[in-house]
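These notes concern the structure reproduced below.
Hydrogens, waters and symmetry mates are skipped; everything else that's a heavy atom, side chains included, is used. Chain letters run A, B, ... following the sequence lines, proteins first and then strands; every chain starts at 1.
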There are 2 protein chains.
Amino acid sequence: MSQRITINDVASAAGVSRQTVSRALNDKGEIDGDTKQRVLDAAKELGYRPSRFARGLVRPDTTSIGLVIPDLLNPFFTEVAAAALEAARAKGWHVVVYDTADSVDEELSTLQVIGSQVDAVVGYFNLSETQLDQHTHGIPVVLIGREHHATRFSSIRIEGAQGVRSAVDHLVAAGHRRIGMLDHAHAEPSDKHQWFCDAMNAHGLSPDKVAGAVQSVDGGADALTRLLKAQPDVTAIFTFNDIIAIGALRAARRSGRDLAVIGFDGLQLGTVVDPALTTVALDTRKIGALAVEQAARLMAGDEPLSGEDLVVQAVLLLRESA
Amino acid sequence: MSQRITINDVASAAGVSRQTVSRALNDKGEIDGDTKQRVLDAAKELGYRPSRFARGLVRPDTTSIGLVIPDLLNPFFTEVAAAALEAARAKGWHVVVYDTADSVDEELSTLQVIGSQVDAVVGYFNLSETQLDQHTHGIPVVLIGREHHATRFSSIRIEGAQGVRSAVDHLVAAGHRRIGMLDHAHAEPSDKHQWFCDAMNAHGLSPDKVAGAVQSVDGGADALTRLLKAQPDVTAIFTFNDIIAIGALRAARRSGRDLAVIGFDGLQLGTVVDPALTTVALDTRKIGALAVEQAARLMAGDEPLSGEDLVVQAVLLLRESA
DNA sequence: AACGCTCCCGTGAACGTTCACGGCGTGGCG
DNA sequence: CGCCACGCCGTGAACGTTCACGGGAGCGTT
């Protein structure tokens with residue numbers, strides 16, 4: 001029936017041996033021109049396709065890593081993914097991409113199947129470390145934006161306190177005193193909110209004008225109008241991410257208000273809106289490259305990067321919106 | 001030295017046989033609880049990691065496809081990729097993503113290495129079919145937005161004439177007569193330019209107001225100012241893609257001009273700008289899903305999709321910019 | 001004529017895992 | 001006591017390819 005066509009089938013069809021077929025297909029030399037052509041014809045005729053597994057077994061020269069992303073359509077993750085892809089290509093690696101839709105179930109089912117396909121995993125997870133450990137079949141794991149404990153794991157740390165501080169400094173220097181924030185809509189406040197509070201306190205300002213926003217453009221617009229209704233005297237805002245900031249920007253312009261806006265992420269996207277978005281930027285290329293580099297060290301058993309080498313600093317990126 | 005740790009190493013370390021180790025690691029049953037734990041400990045101790053090749057050889061149950069994209073940072077391709085990822089996940093497939101940076105060299109080097117890693121290839125190529133045939137090691141290939149000839153290949157066709165026609169109809173109905181176009185900057189005009197000309201001619205309008213634009217926001221802004229300088233009486237424009245359209249929109253607003261703009265692609269991104277971009281939309285989800293489905297049929301040897309089932313129709317998507 | 005070299009080509013072995021089978025001990029039942 | 005069933009474990013074989021080696025034919029040189 002639908003048996004697989006092996007190199008032996010091609011060999012007997014062409015009247016030669018395995019090895020000769022192998023030589024013909026891999027441009028090895030030590031083969032006559034005519035025989036080579038005959039073998040190639042036979043292979044095409046039979047629809048022969050070498051088994052990547054058998055080849056990988058005997059010549060284990062290709063490594064591939066899994067890249068786990070919560071939502072590829074979110075431009076931030078797209079940028080990280082593109083950076084990781086580029087870094088991996090430079091090493092000659094293959095990257096298998098998984099989109100978990102920010103769901104723990106999807107993460108689990110991804111992990112289930114990932115172990116037997118890749119040599120290391122890099123990305124974003126909501127799963128607990130215990131669960132990661134359990135389902136990951138012993139391969140190296142690099143967590144982005146999250147702490148780790150087991151030695152098999154490693155993590156890229158995102159450090160934003162200074163960047164947010166600069167943003168608030170900038171707003172204060174421009175004369176703003178009543179500065180609000182649009183945080184995410186989850187139950188517990190984000191890291192960014194904490195950084196914002198610290199920065200405000202350092203200026204003796206009270207960080208009490210906060211609203212939660214769904215992570216979308218409309219969510220940002222919505223949250224801004226709510227915040228403005230409750231706190232009409234706000235003159236500037238800082239947001240959880242650029243997407244929300246863009247929504248806020250739109251809402252402000254539509255209501256004819258002059259409002260300074262600073263986002264977070266540093267997306268390219270921020271340059272297409274008008275005014276271009278001032279933002280606390282993360283170097284997504286660095287994040288991707290670091291993650292891949294760290295995976296490389298973990299796999300090779302080299303001294304892994306650590307401490308300061310593994311943190312990505314957020315920095316204020318001045319454009320037009322503040 | 002840096003020899004690979006095999007199942008046999010674990011076996012002798014735990015004082016059992018291969019098979020028992022295999023059972024322990026795969027939750028197979030037929031194994032004592034204590035022995036299982038001992039094996040697991042030994043495996044962790046040694047840092048054992050099963051070879052995906054050996055496993056794949058004996059149990060060939062996982063299929064994976066290659067997705068080749070010219071530029072992941074271009075939101076259009078991101079959307080296609082996300083759709084393909086989703087469709088593949090539904091089938092339990094793995095997707096290896098390659099970004100070729102729109103370069104023929106990168107396409108070649110990608111192909112070089114792709115054959116031994118995936119069971120089918122889906123995506124965008126500039127390479128000639130002969131070259132594809134040569135470097136693709138006999139695996140099925142699905143070309144997006146491009147014709148094919150060999151039977152091993154298949155292609156998803158993008159049909160935009162009607163959509164562009166609707167766009168021009170819409171502009172004409174709104175009273176516009178002097179309608180320009182911002183095409184891409186390549187030597188030969190694009191398909192979209194042809195469609196545009198046909199639509200204009202159908203209205204007895206002359207499609208002579210055309211400028212070439214680099215595919216970026218700035219490129220679009222730039223091209224628009226050039227076009228407006230040469231043709232000051234233009235009241236509406238159609239663009240090669242949404243990115244260019246967004247640039248044009250910005251340039252128009254900054255110069256205080258009231259200009260109707262219609263883009264092409266239907267990106268989500270078009271909703272974040274203000275005014276939201278009216279555009280001739282392509283169903284990226286359908287493109288991705290179709291490509292994966294077709295790859296599935298090719299691999300299974302089933303009757304492949306053909307004719308009308310393989311075309312994606314562009315349709316006018318009215319938002320605010322026209 | 002013997003030797004060596006080059007050009008082709010074929011044969012065992014190995015890669016690391018799982019499958020199919022068989023075996024051994026223990027306990028229960030007739 | 002004999003038999004079978006069951007739980008646990010080990011041994012050959014197989015998956016499909018490449019590597020290392022060996023060998024024969026043809027030709028030129030000594």
Side-chain angles (χ1 to χ4, degrees), chain A residues 1-40 42-43 46-64 113 115-119 137-139, chain B residues 1-40 42-43 46-64 113 115-119 137-139:
Chain A
M1 330 268 275
S2 160
Q3 278 292 2
R4 182 180 186 87
I5 295 158
T6 80
I7 199 173
N8 286 310
D9 299 331
V10 179
S12 56
V16 295
S17 74
R18 292 186 310 240
Q19 184 59 13
T20 302
V21 176
S22 178
R23 280 191 264 254
L25 287 152
N26 300 340
D27 283 327
K28 277 285 180 179
E30 301 203 0
I31 185 174
D32 184 71
D34 290 347
T35 16
K36 177 170 178 176
Q37 192 55 49
R38 205 173 64 235
V39 169
L40 255 32
L46 294 175
Y48 168 68
R49 207 162 60 64
S51 153
R52 68 169 185 278
F53 295 115
R55 175 171 297 177
L57 226 204
V58 60
R59 191 157 40 122
D61 50 358
T62 60
T63 75
S64 57
V113 80
S116 55
Q117 281 292 95
V118 301
D119 304 306
H137 276 276
I139 67 181
Chain B
M1 337 282 194
S2 161
Q3 279 290 4
R4 182 182 185 87
I5 295 158
T6 81
I7 199 172
N8 285 311
D9 299 330
V10 179
S12 57
V16 295
S17 73
R18 294 189 306 251
Q19 184 59 15
T20 303
V21 176
S22 178
R23 281 191 264 255
L25 287 151
N26 301 340
D27 283 327
K28 278 285 181 180
E30 301 204 358
I31 185 175
D32 184 72
D34 291 347
T35 350
K36 177 170 178 176
Q37 192 54 50
R38 203 172 66 235
V39 170
L40 257 31
L46 294 175
Y48 168 68
R49 207 164 60 65
S51 153
R52 68 169 185 279
F53 295 115
R55 175 172 295 173
L57 227 203
V58 60
R59 189 155 44 120
D61 50 357
T62 59
T63 76
S64 56
V113 81
S116 55
Q117 281 291 93
V118 302
D119 303 306
H137 276 277
I139 67 181

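- Non-hydrogen atoms lying under 4.0 Å from DNA chain C are contributed by B/R18, B/Q19, B/S22, all within residues 18-25 of chain B.
- At a threshold of 4.5 Å between non-hydrogen side-chain atoms, the residues B/N26 and B/R55 count as touching.
- Map A/N26 and B/K36 each onto its nearest nucleotide of DNA chain D; the residue landing nearer the 5' end is B/K36.
- Counting heavy atoms from C-beta on, the side chains of A/D119 and B/R52 come closer than 4.5 Å.
- Taking all atoms of both residues into account, the shortest heavy-atom contact from A/V39 to A/A24 is CG1-CB, 3.7 Å.
- Closest heavy-atom contact between B/S51 and A/L57: OG-CD2, 4.4 Å.
- A donor-acceptor pair is defined here as one N or O able to donate and one able to accept, closer than 3.5 Å; such a pair exists between the side chain of A/R4 and the backbone of A/R49.
- With the nearest nucleotide of DNA chain D identified for both B/T35 and B/V58, B/T35 has the one nearer the 5' end.
- Atom pair A/N8:CG and C/dG10:P shows a separation of 12 Å (rounding to whole Å applied).
- Atom NZ of A/K28 is separated from atom P of C/dC9 by 16 Å (rounded to the nearest Å).
- Considering all non-hydrogen atoms of both residues, B/Y48 and B/I7 come closest at CE1-N, 3.6 Å.
- Taking 4.5 Å as the limit, some side-chain heavy atom of B/V16 sits within range of a side-chain heavy atom of B/R38.
- Where B/F53 and A/S17 meet DNA chain C, the nucleotide closest to each residue was compared, and A/S17 sits on the side nearer the 5' end.
- Heavy-atom contacts of chain B under 4.0 Å fall on DNA chain D between two terminal nucleotides, which in 5' to 3' order are D/dC8 to D/dG16.
- In this structure the side chain of B/L40 reaches within 4.5 angstrom of the side chain of B/L25, judged on heavy atoms.
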